[in-house]
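Accompanying notes for the structure given below.
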4 protein chains.
Amino acid sequence: MQTAPVILIADPEPRTLEMIFEPDVLSRLGSLGRLVIHADGNRLSPDELDEALSEAVIVIGQIDLDADRLARMPKLRAIFNVEGNFLPNIDYPVCFDRGIHVLNISPVYATSVAETALAMALDLARGVTATHEAFRDASEAWGLASNAGCFLFTGSPIGIVGLGDLGRALRRMLRPFRCKVRVYDPWLPPRLIEAEGCEPATLDEVFTTSRVVFLFASSTSQNQGFIGERELSLMPEGAVLLVMSRAGIVDFRALERHLATGRIRAGIDVFPVEPLEAESPLRRMEGVILSSHRSGGMPESFLEIGRLVLADAELVLQGRPPQVCRRAERETVALMRSRPVARS
Amino acid sequence: MQTAPVILIADPEPRTLEMIFEPDVLSRLGSLGRLVIHADGNRLSPDELDEALSEAVIVIGQIDLDADRLARMPKLRAIFNVEGNFLPNIDYPVCFDRGIHVLNISPVYATSVAETALAMALDLARGVTATHEAFRDASEAWGLASNAGCFLFTGSPIGIVGLGDLGRALRRMLRPFRCKVRVYDPWLPPRLIEAEGCEPATLDEVFTTSRVVFLFASSTSQNQGFIGERELSLMPEGAVLLVMSRAGIVDFRALERHLATGRIRAGIDVFPVEPLEAESPLRRMEGVILSSHRSGGMPESFLEIGRLVLADAELVLQGRPPQVCRRAERETVALMRSRPVARS
Amino acid sequence: MQTAPVILIADPEPRTLEMIFEPDVLSRLGSLGRLVIHADGNRLSPDELDEALSEAVIVIGQIDLDADRLARMPKLRAIFNVEGNFLPNIDYPVCFDRGIHVLNISPVYATSVAETALAMALDLARGVTATHEAFRDASEAWGLASNAGCFLFTGSPIGIVGLGDLGRALRRMLRPFRCKVRVYDPWLPPRLIEAEGCEPATLDEVFTTSRVVFLFASSTSQNQGFIGERELSLMPEGAVLLVMSRAGIVDFRALERHLATGRIRAGIDVFPVEPLEAESPLRRMEGVILSSHRSGGMPESFLEIGRLVLADAELVLQGRPPQVCRRAERETVALMRSRPVARS
Amino acid sequence: MQTAPVILIADPEPRTLEMIFEPDVLSRLGSLGRLVIHADGNRLSPDELDEALSEAVIVIGQIDLDADRLARMPKLRAIFNVEGNFLPNIDYPVCFDRGIHVLNISPVYATSVAETALAMALDLARGVTATHEAFRDASEAWGLASNAGCFLFTGSPIGIVGLGDLGRALRRMLRPFRCKVRVYDPWLPPRLIEAEGCEPATLDEVFTTSRVVFLFASSTSQNQGFIGERELSLMPEGAVLLVMSRAGIVDFRALERHLATGRIRAGIDVFPVEPLEAESPLRRMEGVILSSHRSGGMPESFLEIGRLVLADAELVLQGRPPQVCRRAERETVALMRSRPVARS
C-alpha cells in the first residue's frame, strides 16, 4: 500500500502560515499528502522532526539542510524557500546531484515592486510629491510655472538594469507609455532582451541615454557598488534613478553627492543601513522620494507565496518538473546566496 | 490664376505661437497657403484684419466670429480653437449650416492628464507620498507596518466617469494592471465602452464597486455637482477618488467632509476656486494629494497642438474632412461651451 | 403630451429584417419610439408611407429621399443605410444643411473581411491551398521541397492600401506577426497612420517594399484602376496581392498578365464582372486563390447591422450625436456614392 | 595559459551547417573557442574525433554519447541537439548528475507551426480552400449561399491541447480575434495557463465547447491515441480540428470515420505513415485540408537554430545557465525521448 507523501513545513519564519497560506490553499496542500508543520507556535520535538525529515518528499521553509541531514532524507524531491532568497544553509551540490529541486518564491514580489517603481518614476517625472509638499505651506506654483522641471514620462527613453522577474513586470507596465527601453543584463542573451521589446545595451549606454533608470539587479558577490560615481555622472540633467532591488549594488555616498546637487532625482526603496538613520541628509533633500523597503511586502504578495508553492508541489508529487517557482541553478546559486538580507 | 489660400492665426492667446508651433511645423503650415498672423506682438490694423478675415479659408485662434463677421468670410472652411474648449464667441449654427468645421485640440492633453491621474492613483494605493512625508520627520514605519492601509493597484476594480479622450488614454495605461474597469458615460453606447475593454455601468455601480474612481467627465450646463454626498457615501472604506477634469462636476463641500473623516482618499488637480485658498483645510489633510491644475499643461502637450492643427489644416485645404482635432457637434456644443474656464 | 418618435424602417432591401435584427434588438428598437415598417412582405400604402415619412425622426433603409420628400419630413434627424454604401438616392446637401445625420453600417464588415484577407495571405505565403490541391492527385512534395517558394508571414514587410475600417481591422490582426506595415492612404494624416502602428508611405514604396499588399481602398470617381501595370511591376518576385475591397481600383487585365507569369501571387475576392466568367483564365492559374465576393457577408456581420443602428438610434433620440455608424461627410460623399454596387 | 574551449559540432544531420548557421553566426560561434567540425563532408578520423570529444566543452549535434564516452569527456558542459528531439542516444542520468545541460532547439519551430495552424483554421472556418476548389470547375456559389456552413473565427470558442512553445505561439496569434481559449495541459499548473490568457479545462471540456481545437501535445509513451472516438464524438457539428504536433496522439481511424461523415472538419499536417498513402480516402474528402508535415520546416526556422545555439553557448562558456534552448529534465526526458521520428 502506498503511503501518503510527507509535506513538511519547517521554519517558514519570517513568514507565518497565515501570511502565506489562505485557508483553501493550505487545505489543498494538505490534500496532496500528509502535512507536518514545524513552525513557531507548533514546534516538533527533535525526534518528531527527525522522523518527519526522514520521510519528507517536500520541505517548505528555511530549515537548515546540510549534507548530513540531506543524507537522511532519501525521499526528498523539492525544497521551497518561502522567504525569497537562496540562503547558504542548504548543501546545494548535494541537491543538484540528487535532482532535488531547490525553489524560491521571489516571483511573487515582482508585481508589487514594479508598481511602486512605476509610481515613483511617474511621480518624479511629473513632480507629484514635490507639488503636494508645496501645497502644505501654500507655496505651490500655478499655470505654466507649475510644471517647471517636469517631463512627460510617455515617450521618454528608459533604462532597466536587470531584466529578471522585477524588470519584466515593470517592462509590461511600461508598454502603454511607448518608451524606448534599453536593458543592461549580462546574464541574458540579447535575443531574450529583444523578445521583451527592449534593446540590449551596455551599462554606459543605459546611463547616458535614459531619462529614467530602474535598478532591479540582484546583489551578488561580484557586483557590489557597481552603480557608482562614474555611472551617475553619465546621467543627463534632470534624469531619474529608481533604486528598487538591493542597496548593495549602489555606491550610496556617490548617490548622495549627486542628489545633493539637484542634478538628478531618485526614488529609493532600499538603503545600506535599514532603518535609515534619522539624521541622513537624504531625508531633507529635494528631488528625492524615500520609501522604507516596502515595495514588495504587500499582503497580496505574501498570499501568492502559498499559491506558487501549491502549484509546484502538486507537479512535483505527480513526478513532473516544477514550473512557477524560481529554481536554484548550479552556475548562479553560489553567487546569489551571498545576498545580504531578505526582502520582507 | 489660383491664389494661395489664406490661413489666419488670430488671437491664439493664452497660447503663444512659440508654445504651440515648433519651427518646422509653422514652416510647413506656411507652405500650405498664405499665413497671416494677428497675435500679441504682431497685431494687424483693423483694416488688415478685416481683409484677412474676408479671405481666410482657415482661422486658427480664439477670435470672435459672430454671425456678422462670418457673413463676411465666404471662403472659410475651418476654425481651430487652440486653447481647448468650444467657447461661446462663435456663431455655431451658422458654421454648421455652412459646413464650416469648428475644431479644438483637446486631444493633446489626454496623455499628460492620464499620466498624472495614474501617478496619483498609484501613489494613493501604495502610500508613496504619505511614506515620503513621514521620512521628513523620521516617523516612517518599516516592515509589515509600512504597508498598513495600502492596496495593490494591480487587479483592483476601477471606475471611470467619462470615457472621452482623457478616459481612453487612462484606460490604455491601465491595461498592464489587469483591472476590471467599469465606466459611466451617458454619451456613449454600451458597445463602444465594451470595445475599449470596459464594462458599462451606472454611476452608482461605479462608486459602489470601485477601489479607485477617476473623474474625467466634461462640465456641462446639466451636470454641475453631480458627484456629491450620495455618490461619495457609496465608496468603500479606503477607496481613492481622482478629480481630474472639472471641479464643477464635484460637490467640493461634500468631498471635503468625506476626506476629513479619512474614510476615502483623493488626488485633486482642479478646484472650484483657483488658486486654492491658502487656508483651505485640504492642505493639511492626510490621504489627499493636491495638484495645482497642472496635469495637462506640459510643454510636450502644447507642441502637439501645432501638429494637430497642421494635420487637419492640410486635409481641409485638400478638400477632405479633418481627422484628428475634435469637432464641434450640433447636439453638444451648446452644452459644452458653457464650460467655465480653460485648462491651460 | 409628448408623442413617441416615429422610427421608420423603409426599403431595407437587400437586407431583410430577420437578417439584420435579432428579436431582442428589434424589440429594444421598438421601445425607443413608434416603429413603422415598410418592407417586402409588409408594404405600406402610399398614404400610410407619406404619413410615416412626415412624422419620422429616424429612417432605416434605402428609401429614396430627394429634396421634395425631405422637405415634407420636418422631424427627421437621422437616416441609416443598412446596405453599406452612401447611395445617390438621397439629397445630401439638404441633409447637411439641416443637420440630419446620414449614416451607414459599413463598419460591420470589417472583421469578416479582414479575417478572410489574413486567411488568404497566410495561405499564399505558406502554400496551404496549393499543397492541398497537390494532395488531390498525390503529387504533393514532402521534406524540404514541400516548402519551396514559401515564406514565413511573421516578420514579412506588409503594405496596406486604404486604412479605413477594413484596413484597421486587418492591422490589428497583424500585430502578433511583428511585421513592418507601410500604409498608403491619401485621406489620412501621417500621424493617424503612425498611431495605428504603421509607417506612412507612397504607393510606390508600398508596392516596392512589401511582400504582401492588401487592397482595402474605396472605389471613388477618382481612383478607377489606379493599381495597374506600373504598380504590379514594382512588386518583388513571389510577392502576394490581396484584392479585397473594390475591383474598380485594379486594372484586372494587368493583374491577369502578371499572375499568368507566376511572378506574383494573389487572393481575389472581387471581380469586374460578377459572377466571374466560367472561362476566365484566372480559374486555372497557380498562385491564385479565388473567392466569390464573400469575405464580408457573414451572418454574424449582418446581425451587427441591427446592433449598430440600435446604438446610434438611441443616442440620436436622446439628442446626442451618433457614435458607431459611419457618417456621410460633405467633402467625400459625392465621391463615395459613385461606388458601383453594394457588397452583400 | 588558458586554452580556448573546444566547441565540437558532431553529427548535426539531418541538418547541414549551411541550413542552420548563417555565416556571421558560425563566425561568432567560432570566436567563442576552438571550433571542431565532424559532419558530412568533413569527417574526422576516429582518433581526431576521440581527441576532440575529450576536450569538448560544448557538443552541437546528435552524436551518440553513452556513459562510456561521457566518462572520457571531463570538460563537457552542454550538448545541443539541433534536430529538435531528445533522442535516446545520450545517457541522460549521467548528464544530470554531472550538471551537463542537454538542450534542444525545438522552440525555433513554434512560430512557423503556429502560423500554419492558424492559416488552416481560418481557412476551414471561412471556407477559403473549399471555395477556391469550386472555382476550378466553375461551381462556386455567389451571394449569401457562398458562406453556407462557414463561421466567423473571431469570437469563436477555441481549444488548445498542449500549451508548450507551439501552443503559446498560436495563443499569441489568437489575441486579436478575442476568442475564449480553453487549454488542456496536464503538465502545467492552472495559474500558468491563466497567465497566458487561457482557461484551464479538462480534455472533455475542450472538445465539447470549442469550435476549433488545436492539437499541439507532445507524443509520449503514455499518451498514444488519446484523441480518439470519444473525444471526436464530443465535438459540435461543424467544428474544426487541427492536427499539428504528432500523429501518434490521434486515433486516425476514428478521425477518418468522423471526417467521412462531414460532421467535423480538419487540417492535418502529420500522419501515422508519411508520406500519406496515395490511396488514402483522406485525399478525396471534403472539409479536410492536407499538409505534408511541412508546417515547421521553413528555412527561416532552421536559421533560428544556429542563433539559439550561439546564444546559449555563449552563456554556458561564461559560466552562466542557458536561457533560450529547451533543457532536458530528469522527470520528463525518459517519456519524451520515446517520441517516434523527428519533425524536419
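None of the values given here were measured: they were computed from a predicted structure. Chain letters run A, B, ... following the sequence lines, proteins first, then strands; residues in each count from 1.
Not a single donor-acceptor pair under 3.5 Å links the side chain of Arg294(D) to the backbone N or O of Asn147(C). Ser292(D) contributes a side-chain N or O that, together with a main-chain N or O of Ala141(C), makes up a donor-acceptor pair within less than 3.5 Å. Checking side-chain atoms of Glu300(C) against main-chain N and O of Leu152(D) turns up a donor-acceptor pair under 3.5 Å.
Counting heavy-atom pairs closer than 4.5 Å to chain D, the top residue among Glu140(C), Met120(C), Met19(C), Arg136(C) is Arg136(C). The choice from Thr129(D), Leu174(D), Asp137(D), Leu118(D) that makes the most heavy-atom pairs within less than 4.5 Å of chain C is Thr129(D). Among Glu133(D), Glu115(D), Arg172(D), the residue with the largest count of heavy-atom pairs under 4.5 Å with chain C is Glu115(D). Of the listed residues Ala114(D), Ala169(D), Ala119(D), the one with more heavy-atom pairs under 4.5 angstrom with chain C than any other is Ala119(D).
Note: Phe271(D) and Phe135(C) have tilted aromatic rings, judged against thresholds of 30 and 60 degrees for the angle between ring planes.
For Arg253(D), the CZ atom counts as loosely surrounded, since its 6.0 Å shell holds 12 or fewer non-hydrogen atoms of other residues, nucleotides or ligands.
Between Leu276(C) and Trp142(D), the shortest heavy-atom distance links the atoms N-CZ2, 3.3 Å.
A side-chain donor from one of Arg126(D) and Ser112(C) sits under 3.5 Å from a side-chain acceptor of the other.
Of the atoms belonging to Phe177(C), it is side-chain heavy atoms, and not backbone ones, that fall under 4.5 Å from chain D.
In this structure the side chain of His132(D) never reaches within 4.5 angstrom of the side chain of Asp123(C), judged on heavy atoms.
Taken from OG1 in Thr111(C) to CZ in Arg178(D), the straight-line distance is 5.5 Å, to the nearest 0.5 Å.
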